[in-house]
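Everything below concerns the one structure shown next.
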Amino acid sequence: MKKTTIPQLLKKVSEGNKLTMLTAYDASFARIVDLSGIDMILVGDSLGMVMQGHENTIPVTLEDVLYHTQCVTRVVKRAHVTADMPFMSYQASKEEALKNAARLMKEAKAEAVKMEGGKELAETVFAMVQAGIPVMGHIGLRPQQILKLGGYKIQGKDFLSAEHLLAEAKVLEEAGCFAIVLEGVALETARQITQNLTIPTIGIASGPYCKGQVLVLQDLLGMNAEFRPRHTKIYADLSKIVSNAVHQYIQEVQAGQFPTEDHATHRNLQAVK
Ligand code: KIV
């Protein structure tokens, strides 16, 4: 099986197809998602909430993303894999951003990196792309800004903020991003940005008009019964399925119904004196 390349992804979009992307942070799920035919896997810094139980993405370190990206790239045979650059792994300086992105590629085999930000990142994106590091942009609702924003709010709802987002997207495109995630962008603004770019937009909580869509895998699998965001569709209610299976296991062990003799191996009597 051959790995999906960025030119192949861009060709797919130019032929009128939508791109599909999901997060994965571990080998078990990455294997399933890859074999199911997804175009792109994102090792998102959402791993901070999903895998580590943090309240937001701020505590995630570069070492965390390296580890989870390694878990994913070890088993993915076809999908394109992008690794998220965590909070403060790229903001301090262009040099640090280049060094950290290179670690994600060399040590974890990431095929691209994603960074949250607009104009302030233009020089960094340009330097990375010149160096051979494919970059996915991320604008709109930027979870790494949560402490400044004070909440996860939809962006680009009025004319001025829509114009601002469009300008940010254009700058990122000019700097060399191969795609841009639009997170939590009002759907008309997401449509306007999508129509005005030549690179694909990948939407999350931004409506149907982007050139691709991304979701957190555990959200679409309904794995957190207490977190069902409006933008997600629950395609399978795994929290119920897993919980029922665990209940049944507990009951059967306690009732002596599991394991039975069939789940064990008989001793080789001939070998015993
Ligand atoms: O970290 C993440 O999972 C993301 C997606 C929500 C786009 O950035």
Side-chain angles (χ1 to χ4, degrees), residues 9 18-26 29-30 33 38-62 64-69 71-72 76 79-91 100-101 104 108 110-118 121 134-146 149 151-156 165 168-169 172 177-185 190 193-194 199-207 210-221 223-224 227-233:
L9 293 169
K18 295 256 187 183
L19 294 178
T20 58
M21 188 181 208
L22 281 172
T23 63
Y25 321 103
D26 66 273
F29 273 128
V33 167
I38 205 81
D39 293 313
M40 294 183 284
I41 288 177
L42 172 66
V43 185
D45 61 354
S46 50
L47 70 86
M49 285 96 96
V50 178
M51 303 301 289
Q52 301 174 324
H54 290 301
E55 242 176 64
N56 54 47
T57 60
I58 305 295
V60 176
T61 66
L62 186 73
D64 294 335
V65 181
L66 278 166
Y67 170 78
H68 286 281
T69 306
C71 295
V72 167
V76 168
H80 185 269
V81 179
T82 295
D84 235 346
M85 297 202 63
F87 182 58
M88 288 319 290
S89 68
Y90 56 94
Q91 291 93 337
N100 289 334
L104 289 168
E111 292 158 312
V113 297
K114 177 169 81 58
M115 296 187 292
E116 296 179 13
L121 285 184
V135 180
M136 181 178 284
H138 182 153
I139 60 170
L141 199 172
R142 291 159 48 189
Q144 291 175 15
Q145 300 284 307
I146 186 66
L149 294 171
Y152 295 100
K153 295 180 189 123
I154 296 297
Q155 307 290 306
L165 280 179
E168 299 271 63
L172 291 173
C177 282
F178 72 94
I180 301 180
V181 167
L182 302 184
E183 176 165 359
V185 174
I193 295 171
T194 301
I199 56 171
T201 53
I202 315 287
I204 174 164
S206 299
C210 295
K211 295 277 171 78
Q213 293 292 329
V214 56
L215 279 180
V216 170
L217 177 65
Q218 280 77 359
D219 290 349
L220 80 82
L221 295 178
M223 287 183 71
N224 185 346
F227 182 67
R228 301 274 160 108
R230 179 167 162 222
H231 67 265
T232 296
K233 185 168 167 186

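For ligands, and for the atoms within them, numbers begin at 1 and follow the listed sequence.
With N56 contributing its side chain and I58 its backbone, the two residues share a donor-acceptor pair below 3.5 Å. The backbone N or O of T194 sits nowhere less than 3.5 Å from a side-chain atom of T201 that would complete a donor-acceptor pair.
With respect to atom 6 (C) of ligand 1, the closest heavy atom belonging to the protein is I204 CD1, 3.6 Å. The closest protein non-hydrogen atom to atom 4 (C) of ligand 1 is L42 CD2, 3.6 Å.
Taking CD of Q144 as the start and CD of Q91 as the end, the distance is 5.5 Å to the nearest 0.5 Å.
Heavy atoms of M21 stay at 4.0 angstrom or farther from ligand 1. Residue E116 places no heavy atom under 4.0 Å from ligand 1.
Shown in contact with T23 at under 4.0 Å from a heavy atom are these atoms of ligand 1, numbered in order with element: 3 (O). Close contacts between ligand 1 and S46 involve ligand atoms 1 (O), 2 (C), 3 (O) [criterion: under 4.0 Å to a heavy atom]. If you number the atoms of ligand 1 from 1 as listed, the ones under 4.0 Å from a heavy atom of G44 come out as 1 (O), 2 (C), 3 (O). Atoms of ligand 1 lying under 4.0 Å from any heavy atom of K114, numbered from 1 in the order shown and given with element: 4 (C), 8 (O). Listed by atom number, the atoms of ligand 1 under 4.0 Å from D84 heavy atoms are 1 (O), 2 (C), 8 (O).
For the residue pair T20/D39, the side-chain donor-acceptor check at 3.5 Å is satisfied.
Polar contact check, Y25 against ligand 1: no nitrogen or oxygen pair lies under 3.5 Å apart.
Side-chain contact between V65 and M85 is absent, with no heavy-atom pair separated by less than 4.5 Å. Using a 4.5 Å cut-off on side-chain heavy atoms (C-beta onward), F87 and E116 make no contact. With a 4.5 Å cut-off on side-chain heavy atoms, V81 and V43 count as touching.
Relative to atom 1 (O) of ligand 1, the option among T82, D219, D45, V214 with the closest non-hydrogen atom is D45.
Among all heavy-atom pairs drawn from S206 and E183, the shortest one is OG-C, 3.7 Å.
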